[in-house]
Amino acid sequence: MEQRLLQVALDTPLHTVFDYRWKASSPDEPLPAIGQLVVVPFGRREAVGVVVGQDAQTDLQADKIKDVIAVRHQLPPMSAHWLALCGFAADYYQRPLGEVMLPGLPKNLRALTTVALDKALKALGRLAPATKAKPRSRKKAAVAATVEEAIVDPVMADPSPDPLQLGAAPPLNPSQQQAVDAIAGAEGFAPLLLYGVTGSGKTEVYLQAAAAILRRAAEQASSSGSPEPGQSTPAPAQILVLVPEINLTPQLEGNIRARFPHLNVVALHSGLAEGERARNWLAAHLGQAHIVLGTRLAILSSLPSLKLIVIDEEHDPSYKQQEGLRYSARDLAVWRAHQLGIPVVLGSATPSLETWQHAQAGRYRRLELRQRAALQAVLPSVKVIDMERDKPVDGLTSTLIAAVRKRLEQGEQSLLFLNRRGYAPVLACDACGWISNCMRCDAFMVVHRPERRLRCHHCSLELHIPRACPTCGNVDLQPLGRGTQRVEEGLHGIFPEARILRIDADSTRLKGSAQSAFDSVHRGEVDILIGTQMVAKGHDFKKLTLVGVLNPDTALFSHDYRASERLFAQLMQVAGRAGRAGLSADGSSGEVLIQTRYPHHPLYQAVIRHDYDGFAGELLDERRQAHFPPFMYQALLRAEGRELEIAMGFLKDAASLLDAPAITINEPIPMTMMRVANVERAQLLIECPSRPTLQAFLKEWLALLRQMKTRARWSLEVDPVDI
DNA sequence: TGCACACCTTAA
DNA sequence: TAAGGTGTGCAA
């Protein structure tokens with residue numbers, strides 16, 4: 001019987017692939033293809049891995065090599081393109097291949113039994129070969145479903161002669177039409193920045209460009225011969241739409257489904273139940289899904305006929321994975337589009353400086369939408385309220401209170417934005433100076449009044465609110481500062497007749513509660529909405545005409561050089577919630593009021609002018625002079641240990657291990673939030689103006705680092721965002 | 001002596 | 001990373 005060696009990628013931190021022996025179970029069982037999923041013994045466990053090579057040389061002794069346990073023949077192998085994508089990501093982020101390939105697969109595909117997998121395949125009309133049956137030509141069996149068991153694909157079941165028949169689409173304005181034409185008419189790799197103010201109808205551009213690309217692909221497919229009978233036809237084209245967060249997906253998903261009622265639209269995000277996640281992932285992998293709408297993790301999904309990638313709100317920080325493989329879904333999307341030779345659309349009203357710089361340099365094509373799309377809707381007027389002159393009571397200035405009252409009288413909605421959840425950020429004792437420090441972290445414990453608890457937002461330690469000061473016994477403890485809960489309390493006092501709703505991570509902890517909260521705002525059951533950045537994104541509340549920003553100043557003086565870029569984007573985004581549907585009852589446009597102690601700060605002045613271009617230009621000049629990204633490439637080596645010395649010692653040794661021209665190795669520094677959950681952390685920043693030079697250095701350096709003996713836990717992040 | 005816990009080794 | 005083996009200190 002035939003025996004061959006396979007190289008298999010497994011989800012372990014070891015930077016290698018593993019050799020296994022494969023033996024045919026019957027004379028005609030084919031050698032597992034590259035990209036095939038297999039089950040192998042690993043240590044004392046079994047694990048699912050991906051075949052990444054065949055018959056490579058091995059230095060291992062023959063008796064060390066174990067046999068493959070099972071091959072997932074019922075799944076078509078992952079495509080060469082997907083393998084290349086994972087290979088690139090593994091290389092670029094300096095992680096083992098298996099750690100890129102496997103964690104992104106749905107759990108049901110990584111399970112050691114095939115029960116869930118076969119169930120999902122069956123639901124999709126693709127049947128696993130009967131496991132008990134005598135071996136037969138598996139290739140055929142794996143690809144084609146048997147007639148009586150095939151559940152008809154919903155796409156194929158539709159009697160409509162034209163599956164691309166669209167739902168009603170609003171007419172486009174000229175700049176939207178130009179953008180659609182540019183995307184649909186792009187040939188080969190084309191990165192396009194769709195720069196459009198909030199409410200300018202970017203979604204409509206995505207939808208119509210997608211329609212054009214799907215239609216063209218369908219025409220090409222039908223002119224080049226009909227599919228074999230009995231096989232479910234793979235979609236001639238697939239489109240991937242990335243969105244920042246799960247709670248945005250329902251609305252957009254609804255829009256897409258309504259527009260393409262005859263196409264197979266699937267969602268991919270971490271909030272899905274395992275069964276649905278596996279079905280949707282498989283629909284994408286089998287080419288059945290025409291449109292995949294997902295969060296960052298969807299960028300690593302298998303899409304055999306991908307023809308267009310859209311990244312909505314491309315500047316959003318949630319495209320960056322912040323644990324495990326710390327990838328940027330946006331950057332991987334651009335790489336993927338490049339490798340496939342397809343267009344990638346990056347949409348934003350406030351693009352990331354990286355993207356903006358690419359556009360300025362002509363590497364990305366810029367498409368602009370300067371007007372709001374809805375009839376009569378104009379950009380909201382933005383004003384600052386000087387908190388030195390108009391002293392706030394309960395966090396609200398009299399100007400803002402008057403503006404809210406006016407909306408109440410007009411039957412319109414107001415949104416108050418405060419990016420700080422809880423009741424108060426700290427509890428303090430006036431008598432002895434005690435404050436609510438977390439006992440495990442260098443951070444305050446936040447007062448949560450409804451739950452009557454102190455909570456650390458860094459390590460989630462929870463305590464009862466003490467009735468008296470733990471050091472001096474004083475019973476009069478004062479909450480200092482103001483979070484959303486406290487503002488909500490104050491609002492009830494000021495507007496006893498108003499319907500007030502708070503939306504933040506605390507109020508929406510239960511599954512589905514965020515959606516029902518947003519629904520009730522849409523239905524007009526809320527007069528005043530108070531919330532954190534959760535409310536700033538995506539939602540299109542028709543009756544909302546006033547946005548109040550309560551206390552954004554802290555971000556102005558952050559040590560993080562990206563803080564002002566983020567604050568600007570956040571203010572533009574939350575401001576964009578006002579007046580999207582048209583004019584207010586009194587004929588005015590939407591209004592945005594920002595309470596600040598620094599009314600003349602250039603950032604606020606730029607927001608007032610809606611002047612992203614000017615502000616981004618200034619920030620880019622600063623970055624260029626300071627040698628910061630996007631004019632510098634960075635990597636960050638982090639270390640942690642029980643004592644700070646362990647972490648610092650490791651980083652000092654690491655810093656002197658290797659040097660290279662054009663590489664700057666900075667001094668190791670203890671982290672700002674030094675102690676988190678009783679672990680001391682420190683970090684070391686590496687910089688280089690050339691990306692390839694940095695990559696080459698990291699590769700060599702990490703090989704040395706991995707040989708170092710240390711008690712520190714460490715990890716490297718390429719292109720870090722939080723430094 | 002038993003055991004909880006920290007730390008180290010190994011994976012093909 | 002996960003699982004198992006080894007070594008240490010402590011209560012009884």
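Here is the naming used below: chain letters follow the sequence lines, and residue numbers restart at 1 for every chain.
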Residues which pass ring pair (Phe, Tyr, Trp, His ring centres under 6.0 Å) with A/Phe88, listed by chain and number, not counting sequence neighbours: A/Tyr92, A/Trp335

Residue pairs involving residues 5-47 of chain A (criterion ring-ring contact (aromatic ring centres under 6.0 Å, His included); sequence neighbours excluded): A/Phe18-A/Phe42

Any pair counted as salt bridge (Lys or Arg N to Asp or Glu O under 4.0 Å), so long as it reaches residues 78-96 of chain A, sequence neighbours left out: A/Asp91-A/Lys699, A/Arg95-A/Glu99

Start and end of chain A contact along DNA chain C [non-hydrogen atoms, under 4.0 Å]: C/dT1 to C/dG4

Partners meeting salt bridge (Lys or Arg N to Asp or Glu O under 4.0 Å) with A/Arg453 (sequence neighbours left out): A/Glu462

Shorter than 3.5 Å, N or O on both sides, protein versus nucleotides 9-12 of chain B: list them out with atom names.
| unit_1 | atom_1 | unit_2 | atom_2 | d |
| --- | --- | --- | --- | --- |
| B/dA11 | O3' | A/Gly43 | N | 3.3 |
| B/dA12 | OP1 | A/Gly43 | N | 3.0 |
| B/dA12 | OP1 | A/Lys66 | NZ | 2.5 |
| B/dA12 | O3' | A/Asp19 | O | 2.3 |
| B/dA12 | O3' | A/Lys66 | N | 3.1 |

Salt bridge (Lys or Arg N to Asp or Glu O under 4.0 Å) contacts touching residues 61-77 of chain A (sequence neighbours left out): A/Arg21-A/Asp67, A/Lys23-A/Asp67

Pairs touching residues 30-57 of chain A that satisfy salt bridge (Lys or Arg N to Asp or Glu O under 4.0 Å), sequence neighbours left out: A/Arg4-A/Asp55

Side chain to side chain donor-acceptor pair (under 3.5 Å) pairs, two or more places apart, involving residues 659-671 of chain A: A/Asn666-A/Glu687

